[in-house]
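Accompanying notes for the structure given below.
Note that the coordinates shown come from a computational prediction; the quantities given were computed from them, not determined experimentally. Just so it is clear, the values below take in all heavy atoms, side chains as well, and ignore hydrogens, waters and symmetry mates. In the text below, chain A, chain B and the rest are named by the order of the sequence lines, each starting its count at 1.
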2 protein chains.
Amino acid sequence: MVKPAALKKLLPLLKGIRLNDVNQIYSKSKSVRLQAGDHFVKEGSSKRDVAFIFSGLMRYYEVNEKGEEITTSLAWEQQFVAPRNVILFEQPSESYIQAIEPTHLMVINYDLMQEILESSPKSDSLRQYFMLQRIALLSDRVRSFVMLKPEERYLQLIEQNPSLVDRVPNKYIANIIGITPVSLSRIRNRIASQKK
Amino acid sequence: MVKPAALKKLLPLLKGIRLNDVNQIYSKSKSVRLQAGDHFVKEGSSKRDVAFIFSGLMRYYEVNEKGEEITTSLAWEQQFVAPRNVILFEQPSESYIQAIEPTHLMVINYDLMQEILESSPKSDSLRQYFMLQRIALLSDRVRSFVMLKPEERYLQLIEQNPSLVDRVPNKYIANIIGITPVSLSRIRNRIASQKK
DNA sequence: CCGTATTCTTATCTTTTGTTAAGCAGATTT
DNA sequence: AAATCTGCTTAACAAAAGATAAGAATACGG
């Protein structure tokens with residue numbers, strides 16, 4: 001069970017959903033606190049849990065054939081995280097989901113949440129809203145890979161999410177924009193010397 | 001109005017939707033035939049039309065600041081095309097959508113279609129199905145940019161869509177995987193000489 | 001506060017990609 | 001059939017990125 005104070009942050013997202021349903025979801029959810037480095041999901045897991053991030057910062061990563069961890073995306077306050085393969089395709093997770101800051105989650109079983117929302121009159125529009133958000137985000141990201149050079153992707157990323165620069169190690173940022181940490185370091189160097 | 005024969009291709013996608021609604025959508029749609037090179041959508045357009053591709057092949061492209069056309073994605077039979085900015089954000093289209101083969105479309109106004117589907121009991125699950133498809137596709141593509149090298153992206157693309165190689169000019173394929181046509185040509189050369 | 005670990009930077013070298021231009025091949029038009 | 005156009009390849013060079021390693025800076029735990 002999650003504390004009411006923390007719940008307030010979730011409420012604006014749930015407008016339109018019956019208070020009763022919200023309460024029911026809350027009562028079935030559990031509050032989880034992770035330290036930096038702790039995992040919410042590990043590769044191979046089939047646990048059908050989703051989490052809402054009250055506070056903190058997480059990354060998705062996969063391990064490639066060379067054994068390197070490649071960070072594929074980030075998630076922070078007010079966002080949901082869930083193992084894509086498990087929820088979308090009912091397959092084991094291909095990714096790890098790990099806290100990289102002290103993180104406070106609300107965790108609930110996906111199917112249980114769906115069940116509760118099933119009857120709610122606004123649940124479809126809520127779901128649709130979240131899916132649209134996701135589609136917009138993903139297609140923007142695809143567009144950035146097709147249309148922009150690495151340096152431009154970096155500038156766009158920090159412009160759209162200024163707070164990330166301070167919170168996320170550059171080696172993760174580098175992966176996110178599809179380059180190596182060494183290369184990002186050079187790009188940052190180039191940008192800094194151009195500014196002078 | 002679209003010919004019944006062509007409609008059969010759309011039907012499996014619409015299972016669950018009332019026949020009456022399907023008929024109504026059909027009656028409000030128009031059949032459009034494009035030649036290779038013709039546009040369904042041009043940059044700046046705010047027309048809220050979506051199209052279902054009965055046959056043929058189309059590309060989305062944008063013109064960058066150098067005046068080059070950059071192909072951002074492809075769509076073919078049994079898929080919907082629509083100007084993302086217009087439908088998602090009610091803004092003018094940032095993209096062109098162009099036929100690159102003789103293409104047969106069913107075109108309908110997006111809002112009109114929504115209106116008809118509004119009352120249909122299964123419309124939400126249908127919409128959800130399409131959105132999930134889109135999310136899966138997009139996140140796979142993002143993953144390919146983060147995890148794979150250009151050569152691997154090319155091999156994955158032609159493995160997952162073998163027919164594209166024969167139908168789509170390499171210069172478009174190159175854009176899709178985020179490289180230049182010249183670079184793709186070299187990659188193809190490398191692959192060919194490794195095989196020997 | 002010191003020592004350790006992690007991350008970031010810098011350097012060197014190799015590989016790949018971008019750019020530009022030229023030649024070639026296939027298709028289209030007249 | 002000749003001329004034209006378009007797309008693909010190849011070449012040469014410049015620019016950028018990958019790989020590896022070493023040093024500097026920062027964060028972290030005792």
Side-chain angles (χ1 to χ4, degrees), chain A residues 34-38 56-57 59 61 64-71 74 98-102 144-158 164-196, chain B residues 35-38 57 59 61 64-71 74 98-102 144-158 164-196:
Chain A
L34 300 179
Q35 291 185 304
D38 290 350
L57 183 54
R59 68 170 181 137
Y61 71 90
N64 67 15
E65 69 287 341
K66 291 184 199 156
E68 303 161 326
E69 297 179 357
I70 307 294
T71 300
L74 299 168
Q98 179 191 48
I100 57 179
E101 277 181 9
S144 81
F145 280 112
V146 173
M147 300 286 296
L148 306 180
K149 291 181 278 204
E151 174 169 335
E152 295 170 322
R153 290 202 290 277
Y154 176 67
L155 290 171
Q156 181 182 287
L157 181 74
I158 63 175
L164 286 191
V165 190
D166 303 324
R167 299 174 69 186
V168 182
N170 280 324
K171 57 177 183 170
Y172 298 157
I173 304 264
N175 289 161
I176 296 284
I177 60 176
I179 61 176
T180 61
V182 176
S183 189
L184 176 57
S185 181
R186 282 187 293 231
I187 286 172
R188 286 159 50 85
N189 190 335
R190 253 179 271 158
I191 293 170
S193 47
Q194 275 167 17
K195 270 190 180 166
K196 287 185 299 194
Chain B
Q35 291 185 305
D38 290 350
L57 183 54
R59 68 170 181 135
Y61 71 91
N64 67 14
E65 69 289 337
K66 291 183 200 158
E68 303 161 327
E69 297 180 356
I70 308 293
T71 299
L74 300 169
Q98 179 190 46
I100 56 179
E101 277 181 9
S144 82
F145 280 111
V146 173
M147 300 285 297
L148 305 180
K149 290 181 280 201
E151 174 168 336
E152 295 169 322
R153 290 202 290 277
Y154 175 67
L155 291 171
Q156 181 182 288
L157 181 75
I158 63 175
L164 286 191
V165 191
D166 304 323
R167 299 173 70 185
V168 182
N170 280 325
K171 58 178 182 168
Y172 299 157
I173 304 263
N175 288 162
I176 297 283
I177 60 176
I179 61 177
T180 61
V182 176
S183 190
L184 176 56
S185 181
R186 283 187 291 230
I187 286 172
R188 286 159 50 84
N189 189 335
R190 251 179 274 156
I191 293 170
S193 47
Q194 274 168 17
K195 269 191 181 163
K196 285 184 302 195

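- In this structure, B/I179 places its CD1 atom 13 Å from P of D/dC8, rounding to the nearest Å.
- Closest of all the heavy-atom pairs between A/A174 and A/L184 is N-CD2, 3.7 Å.
- Considering only heavy atoms from C-beta on, A/V168 stays 4.5 Å or farther from A/I176 through its side chain.
- Side-chain atoms of B/Q98 never come within 3.5 Å of backbone atoms of B/R59 as a donor-acceptor pair (strictly under, hydrogens ignored).
- A/S193 contributes a side-chain N or O that, together with a main-chain N or O of A/N189, makes up a donor-acceptor pair within less than 3.5 Å.
- A/L34 approaches A/A99 most closely through the heavy-atom pair CB-CB, 3.9 Å.
- An end-to-end axis angle of 50° holds for the helix from C/dC1-D/dG30 to C/dT30-D/dA1, taken from five base pairs per end and rounded to 10°.
- When the C1' atom of C/dT7 is taken as reference, atom CD of A/E69 falls 14 Å away, rounded to whole Å.
- We find the CD1-CG distance between A/I187 and A/N170 to be 11.0 Å, quoted to the nearest 0.5 Å.
- Taking all atoms of both residues into account, the shortest heavy-atom contact from A/R153 to A/I179 is NH2-CG2, 4.4 Å.
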Please list, pair by pair, any protein nitrogen or oxygen found under 3.5 Å from a nitrogen or oxygen in nucleotides 8-12 of chain C.
{"unit_1": "C/dC8", "atom_1": "OP1", "unit_2": "A/N170", "atom_2": "N", "d": "2.6"}
{"unit_1": "C/dC8", "atom_1": "OP2", "unit_2": "A/K171", "atom_2": "N", "d": "3.2"}
{"unit_1": "C/dT9", "atom_1": "OP1", "unit_2": "A/R188", "atom_2": "NH2", "d": "3.2"}
{"unit_1": "C/dT9", "atom_1": "OP2", "unit_2": "A/S185", "atom_2": "OG", "d": "3.2"}
{"unit_1": "C/dT9", "atom_1": "O5'", "unit_2": "A/S185", "atom_2": "OG", "d": "3.3"}
{"unit_1": "C/dT10", "atom_1": "OP2", "unit_2": "A/N189", "atom_2": "ND2", "d": "2.8"}

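- Counting to the nearest Å, the P atom of D/dA27 and the CD atom of A/E101 are 14 Å from each other.
- Look at CZ on B/R190: it is 14 Å from C1' on D/dT10, rounded to the nearest Å.
- Across the protein-nucleic acid pair, B/E152 atom CD and C/dT16 atom P stand 12 Å apart, rounded to whole Å.
- Taking both residues in full, the closest heavy atoms of B/F145 and B/I177 are given as CE2-O, 3.4 Å, listed atom of the first, atom of the second, then distance.
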Under 3.5 Å, N/O pairs linking protein and nucleotides 25-30 of chain C:
none

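- Of the side-chain N and O atoms in A/K149, none sit less than 4.0 angstrom from OP1 or OP2 of C/dG18.
- Residue B/T180 places none of its side-chain N or O atoms closer than 4.0 Å to OP1 or OP2 of C/dT17.
- The two atoms that bring B/R190 and B/E151 nearest to each other are NH1-OE1, 3.9 Å, heavy atoms only.
- Note: CD1 (A/I100) to P (D/dC28) measures 13 Å, nearest angstrom.
- If you take CZ of A/R167 and C1' of D/dA27, they are 17 Å apart, rounded to a whole angstrom.
- Contact check for B/Y154 versus B/I191: side-chain heavy atoms found under the 4.5 Å cut-off.
- Atom CG in B/N175 sits about 12 Å away from atom P in D/dG7, given to the nearest Å.
- Between A/T71 and B/V146 the shortest heavy-atom distance is O-CG1, 3.8 Å.
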